[in-house]
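Please read the structure below before turning to the comments.
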Amino acid sequence: MSAMRAVAFSPSNQWYDKIQTHFSNHPNRAINTNPHLQFNNTTQNQSNRRNLFPCFSTDASKTPNPPTPLTITSSPLVVVGSANADIYVEIDRLPKEGETISAKNGQTLAGGKGANQAACGGKLSYPTYFVGQVGEDAHGKLITEALQSGGVHLDHLSAVSAAPTGHAVVMLQSDGQNSIIIVGGANMHCWPEKLSDEDLEVVRNAGIVLLQREIPESVNTQVAKAAKSAGVPVILDAGGMEAPISQELLNFVDILSPNETELRRLTGMPTESFEQISHAVVKFHKMGVKQVLVKLGSKGSALFVEGEEPIKQSVISAAKVLDTTGAGDTFTASFAVALVEGKSKRECLRFAAAAASLCVQVKGAIPSMPERKSVLNLLQSH
């Protein structure tokens, strides 16, 4: 029996790393130790877990960052969502209609909102599972290897033969802004009509569940319902499909997290000022969502809890903005990690702001996700 390294936090709410050595006969048992989150987890039978990637190595000795072990102190982050191959083209400006321009550079990197958020959780040294689908192709292998390198548990990542891996064309402009075109592929097709008991069980045993809108809403609804039945908090990132969010799904969501553009589109209300954003958020409160976490880009972020004053968080300035791709995913996932670790809402916002600041200073989505030590160092200097 070997000792396992885990990351824990002092109840004094100070941001620092504490190394905990723990010996256990049940290294993968998920138990809630966070008094801020109420849920009823049951012990998960790890021996029955699927390994759907016989062709991709999951040997920790070959992985730069092996998955963080689940310990008696850890209730995992479970991310259910999309995985894309992001095809980057670097351009000075977007082409006009009928115009052909040359890209300065191009490369393909692992991405997708779900995979991004899972990688963020793994790189922050928090036990993270990813539930999703890729195709049986080179892009699927690219994503799998990237998630492995980020320390994500892949027991619930499926390879499907009837659809290619999802991909996105990311047009990255010289000022760091981007425009994206998404091809759903395996993210939108070949999901079972009813998710397996194994996939739903890992959801019920989570400390927190994170969803986005780049997979079918029926999948998100099944997951959110299973989480709610077990008392597991659900965060829904509003990014992805443009269609309205169904009331059925919203009934199971604890925190909805749009950016201001998504908030405007989903509510049909203006979001140019903070007052307008506040009015738009009320529309979701009336639909039963008690907490709305709005990402405001360069203006920071704000958490709106029904019946309380909004909590505002300004951006933590980046030395240089190279690529904003994945910054929103980094923010949402970092917030989720801080929340499940028992931090106050204000501390969660600050932790997420620091992580997002580091993200925009590196090109790519998953490659730009920061490690915990870097986030803590940045927080200590601000």
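Because only heavy atoms are used, hydrogens play no part in the values below, and waters and symmetry mates are left out as well, while side chains stay in.
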Using side-chain heavy atoms (C-beta onward) and a distance below 4.5 Å, is [X] in contact with [Y]?
| X | Y | result |
| --- | --- | --- |
| I87 | V170 | no |
| V234 | K228 | no |
| V292 | H285 | yes |
| F130 | L147 | yes |
| L124 | F351 | yes |
| I235 | D254 | no |
| K104 | S174 | yes |
| F284 | L250 | yes |

Gap separating the [atom1] atom of [X] from the [atom2] atom of [Y], nearest 0.5 angstrom:
| X | Y | atom1 | atom2 | answer |
| --- | --- | --- | --- | --- |
| C348 | E341 | SG | CD | 9.0 Å |
| L293 | K345 | CG | NZ | 11.5 Å |
| L211 | N220 | CG | CG | 4.5 Å |
| L358 | T330 | CG | OG1 | 9.5 Å |
| Q117 | F331 | CD | CZ | 12.0 Å |
| L200 | R204 | CG | CZ | 5.0 Å |

[X]: partners by side-chain hydrogen bond (donor to acceptor under 3.5 Å, both in side chains), with sequence neighbours left out:
| X | value |
| --- | --- |
| N377 | none |
| E99 | R93 |
| Q291 | none |
| T165 | D137 |

Worked check of side-chain contact (heavy atoms from CB on, under 4.5 Å) between I91 and I101 = CA-CA 8 Å; I91 54 180; I101 62 175; 4.1 Å; yes
Using a 3.5 Å distance criterion without hydrogens, assess whether the side chain of [X] forms a donor-acceptor pair with backbone atoms of [Y].
| X | Y | result |
| --- | --- | --- |
| S218 | P216 | no |
| D86 | H167 | no |
| H382 | L378 | yes |
| Y126 | C120 | no |
| R350 | L379 | yes |
| E145 | L142 | no |
| Q133 | G185 | no |
| K283 | T267 | yes |
| S229 | A226 | yes |
| S357 | I316 | yes |

Report whether [X] and [Y] are members of the same hydrophobic cluster (ILVMFWY, side-chain heavy atoms less than 4.5 Å apart, transitive linking).
| X | Y | result |
| --- | --- | --- |
| V340 | F335 | yes |
| L266 | V253 | yes |
| M287 | L263 | yes |
| I143 | V169 | no |

Would you say the side-chain atoms of [X] and [Y] include a donor-acceptor pair closer than 3.5 Å?
| X | Y | answer |
| --- | --- | --- |
| H156 | D199 | yes |
| E217 | S246 | yes |
| D237 | T332 | yes |
| S344 | E347 | yes |

If you take all heavy atoms of [X] and [Y], which pair is closest and at what distance?
| X | Y | value |
| --- | --- | --- |
| L154 | Q148 | CD1-CG, 3.5 Å |
| S298 | V315 | O-CG1, 3.5 Å |
| K123 | P370 | CB-O, 3.6 Å |
| V223 | V203 | O-CG1, 3.6 Å |
| V209 | A227 | CG2-CB, 4.1 Å |
| A186 | V134 | CB-C, 3.8 Å |

Please list all pairs passing the salt bridge (charged side-chain N to carboxylate O under 4.0 Å, His left out) test where one or both residues lie in residues 264-278, with sequence neighbours left out.
->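 Residue pairs with at least one partner in residues 264-278: there are none.
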Pairwise salt bridge (charged side-chain N to carboxylate O under 4.0 Å, His left out) hits with a residue in residues 301-311, at least two apart = K290-E306
Please go through V360's hydrophobic cluster and name the other residues, only I, L, V, M, F, W, Y counting, with side-chain heavy atoms under 4.5 Å joining them.
->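 Answer for V360: V321.
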Near N251 CG, under 6.0 Å, is it more than 12 heavy atoms from other residues, nucleotides or ligands?
->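 Enclosed: over 12 neighbouring heavy atoms sit under 6.0 Å from CG of N251.
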Are Y129 and L77 close enough, and set up right, to give a side-chain contact (heavy atoms from CB on, under 4.5 Å), and what steps lead you there?
-> CA-CA 6 Å; Y129 277 90; L77 166 66; over 6 Å; no
Applying side-chain contact (heavy atoms from CB on, under 4.5 Å), run through V131 and V79 and close with a yes or a no.
-> CA-CA 6 Å; V131 181; V79 182; over 6 Å; no
Does M241 have any side-chain contact (heavy atoms from CB on, under 4.5 Å) partners at least two apart in sequence or in another chain, and if so, which?
-> M188, R213
Any chance you could lay out the side-chain contact (heavy atoms from CB on, under 4.5 Å) test for S257 and K295, step after step, and finish with the verdict?
-> CA-CA 7 Å; S257 182; K295 300 177 284 274; 2.7 Å; yes
Which pairs, with at least one residue in residues 291-324 and sequence neighbours excluded, count as a ring pair (Phe, Tyr, Trp, His ring centres under 6.0 Å)?
->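 Applying ring pair (Phe, Tyr, Trp, His ring centres under 6.0 Å) to every pair that reaches into residues 291-324, excluding sequence neighbours, yields F274-F304.
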Sequence neighbours left out, what pairs pass ring pair (Phe, Tyr, Trp, His ring centres under 6.0 Å) with at least one residue falling in residues 181-233?
-> none
Listed partners of K299 passing salt bridge (charged side-chain N to carboxylate O under 4.0 Å, His left out), at least two apart =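 Expected list: E260.
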With a 3.5 Å cut-off and sequence neighbours excluded, list the donor-acceptor pairs that the side chains of residues 108-116 form with protein atoms.
{"residue": "K113", "atom": "NZ", "partner": "D329", "partner atom": "OD1", "Å": "2.6"}
{"residue": "N116", "atom": "ND2", "partner": "G112", "partner atom": "O", "Å": "3.3"}
{"residue": "N116", "atom": "ND2", "partner": "D329", "partner atom": "OD2", "Å": "2.9"}

